[in-house]
Amino acid sequence: MKTPIYVAKPTLPPLQDFVDRLSTIWESVILTNSGFYANKLEEELKKYLKTENLSITDNGTIAIMIAIRALRLSGSIITTPFTFPATISAIEWCGLKPIFCDIDLSTGNIDSSKIEKLIQNDTTAIVPVHVFGVPCDVYSIEKIALKYGLKVIYDAAHTFGVEIDGKALASFGDISTMSFHATKLFYTAEGGAIISNSKDVDTRIKLLRNFGINSPEEVLMSGINGKMSELNAALGTLVLDKIDIEIKKRKDLFYLYKERLSDIPNIETPSIPKNVTKWNYQYFFIRTCERDALVSHLAEKGIFARKYFYPICSGYSGQVTNIENAVALSNVSMVLPLYGSLEENDVNEICNIIHDFFTKIRG
Ligand code: T4K
């Protein structure tokens, strides 16, 4: 086993393929602002993700901020504290107040049965996160949103290509946002996307990501710079070409991990929910009460698993009550290395180290 092994590693396309695309960019001298590769990537992603309205952005955090602006949200937003800090930062950077709803321990996602009683007079939206690719309870969330006139933005940073009941997960809610960071299954180094279920909202998103500029003569609103560069988009087109191969490799390693760790009673391995009809195998997430010691032990052996998500996101925003499940999960949840270029042998070695660790602590 070659160490260090990190939690994530982008499977890079052949360098020459990228150089070939760079040559085209060099010839055109168009480096950004809806160039050839940005448009190509947008069209290819629409097909792959089965959506009509998709806008690529320069990262997944800006994608959430633009989504908030596109839906003209104000006041407070009900969200989950068990997420990457970006979800909460985006809400706060838009000047809105996050209200933290506890999670369902079985999924790690927002507990839809606890949303209603948190709705306040100024609440305008719900921002759930499909944590580690596990879909939220989208049907219940839809009912609540309809009943109270709330908008729904799913932070779908972990659910590239996931489908439930034969439908794209991103087709639920008003908007889904994605991250194409280098550590993600589908990546453009830095990047993201916003998928919406309305042509009008998509038009507004496209204006917002380009300073609100409609034409050289017309600025329609106060926007921001949320555009993806041609270099990132060109990389993305190459990564997308091989995405199904990457998913297949991860799938095999995912089940190898599951099989090898199944006989350790101290570890809970991931289960794919029954209504998931397409899964992306982005993360191998486990739960164990020995999380902190295990992460340190693996690090001593050169394996850098991560305590996703720790610390809990509500901490720096002040709220610590009524989120007991989220706090509990944040103390036991971790992610093991998983990516296409990881070898079967590496996974076996990582599992051997985990077995030895638990044998020792059991005495
Ligand atoms: N919402 C959710 C639910 C998210 O999870 C995220 C991002 C966002 C929103 C925001 O999306 P972006 O604005 O980031 O597009 C990483 C990623 O930086 C972050 O994108 C991701 N979630 C989060 C779950 O993981 P860190 O701080 O753990 O990353 P880092 O740099 O420690 O990388 C982890 C390992 O990956 C490294 O030890 C080595 C490897 N790596 C990393 C990079 C950057 C590579 O092999 N190559 C690389 O280029 O946050």
Side-chain angles (χ1 to χ4, degrees), residues 2-13 18 55-68 77 79-94 98 103 107-110 127-136 153-160 162 169-170 175-195 209 224-229 231-233 235-236 239 246 280 282-285 295 298-299 302-313 326 329-330 333-342 346:
K2 272 194 218 116
T3 56
I5 291 184
Y6 297 106
V7 70
K9 183 176 178 183
T11 303
L12 296 172
F18 189 49
S55 301
I56 51 174
T57 59
D58 48 1
N59 62 63
T61 310
I62 278 284
I64 303 170
M65 293 176 70
I66 293 175
I68 288 171
I77 286 183
T79 188
T80 169
F82 189 69
T83 183
F84 191 66
T87 318
I88 311 308
S89 309
I91 294 171
E92 293 189 328
W93 274 51
C94 287
I103 58 160
T107 61
N109 292 329
I110 198 164
V127 177
V129 181
H130 303 295
V131 176
F132 303 142
V134 176
C136 292
I153 299 172
Y154 285 106
D155 180 337
H158 302 175
T159 40
F160 186 86
V162 172
L169 189 55
I175 287 180
S176 291
T177 61
M178 304 206 151
S179 164
F180 301 157
H181 184 259
T183 54
K184 296 289 189 279
L185 166 73
F186 171 74
Y187 67 88
T188 56
E190 291 283 358
I194 310 171
I195 294 174
R209 79 170 170 186
I224 198 163
N225 185 351
K227 292 168 277 112
M228 182 184 286
S229 84
L231 283 73
N232 295 90
L235 177 60
V239 176
E246 174 72 17
N280 68 12
Q282 177 154 290
Y283 292 107
F284 192 82
F285 47 102
V295 168
L298 286 166
I303 294 144
F304 296 94
R306 293 297 284 266
K307 299 180 195 178
Y308 292 143
F309 293 109
Y310 179 88
I312 198 90
C313 279
L329 185 56
S330 178
S333 174
M334 62 182 278
V335 169
L336 292 174
L338 181 63
Y339 43 85
S341 61
L342 195 66
D346 297 329

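Counting convention: from 1, in listed order, for ligands and their atoms alike. As the structure is a prediction and not an experimental result, all values here were calculated from the model.
At the shortest separation from atom 41 (N) of ligand 1 among protein heavy atoms lies A8 O, 4.0 Å. At the shortest separation from atom 38 (O) of ligand 1 among protein heavy atoms lies Y6 CD2, 3.4 Å. Nearest protein heavy-atom neighbour of atom 42 (C) of ligand 1: T183 CG2, 3.6 Å. Among all non-hydrogen protein atoms, the one lying nearest atom 27 (O) of ligand 1 is R306 NH2, 3.8 Å. Looking from atom 18 (O) of ligand 1 to the surrounding protein, the closest heavy atom is H181 CE1, 3.0 Å. Taking atom 22 (N) of ligand 1 as the reference point, the nearest protein heavy-atom neighbour is K184 NZ, 2.8 Å. Looking from atom 8 (C) of ligand 1 to the surrounding protein, the closest heavy atom is A86 CB, 3.6 Å.
The distance criterion of under 3.5 Å between nitrogen or oxygen atoms is met by D155 with respect to ligand 1. Between S179 and ligand 1, at least one pair of N/O atoms sits closer than 3.5 Å. Of the polar atoms of Y308, at least one N or O is found under 3.5 Å from an N or O of ligand 1, judged by distance alone. Remark: ligand 1 and G60 share an N or O pair separated by less than 3.5 Å (distance only, no angle test).
In terms of modelled atom types and a separation under 3.5 Å, the side chain of Y187 and the main chain of L235 share no donor-acceptor contact. Put simply, the side chain of T188 never gets that close to the backbone of A233: no donor and acceptor are under 3.5 Å apart. The backbone N or O of I56 sits less than 3.5 Å from a side-chain atom of R209, completing a donor-acceptor pair. At distances below 3.5 Å, not a single donor-acceptor pair connects side-chain atoms of D155 with backbone N or O atoms of V127.
Using a 4.5 Å cut-off on side-chain heavy atoms (C-beta onward), P337 and I303 make contact.
The presence of a protein heavy atom under 4.0 Å from atom 31 (O) of ligand 1 is ruled out.
In this structure, A189 does not count as a contact residue of ligand 1, since none of its heavy atoms falls inside 4.0 Å of the ligand. Heavy atoms of G192 come nearer than 4.0 angstrom to ligand 1 in no pair at all. Judged by the shortest distance from any of its heavy atoms, E190 lies outside the 4.0 Å radius around the atoms of ligand 1.
Nearest-residue assignment for atom 50 (O) of ligand 1 (options F84, Y187, F304; heavy-atom criterion): F84. Residue nearest to atom 45 (C) of ligand 1, selected from P10, A182, P4: P10 (by heavy-atom distance).
Only the side chain of H158 comes within 4.0 Å of ligand 1, judged by heavy-atom distances. Residue contacts with ligand 1, taken as heavy atom pairs separated by less than 4.0 Å, involve T61 via backbone and side-chain atoms alike.
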Evaluation steps, ring pair (Phe, Tyr, Trp, His ring centres under 6.0 Å), between F285 and F309: CA-CA 11 Å; F285 47 102; F309 293 109; over 10 Å; no

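Below 30°, between 30° and 60°, or above 60°: for F304 and Y6 the angle between ring planes is below 30°, a parallel geometry. Ring geometry, F82 versus F132: the interplanar angle exceeds 60°, so the pair is classed perpendicular (tilted spans 30 to 60°).
For NZ of K307, the number of neighbouring non-hydrogen atoms (other residues, nucleotides, ligands) closer than 6.0 Å is greater than 12. In the displayed structure, Y310 atom OH is contacted under 6.0 Å by at most 12 heavy atoms of other residues, nucleotides or ligands.
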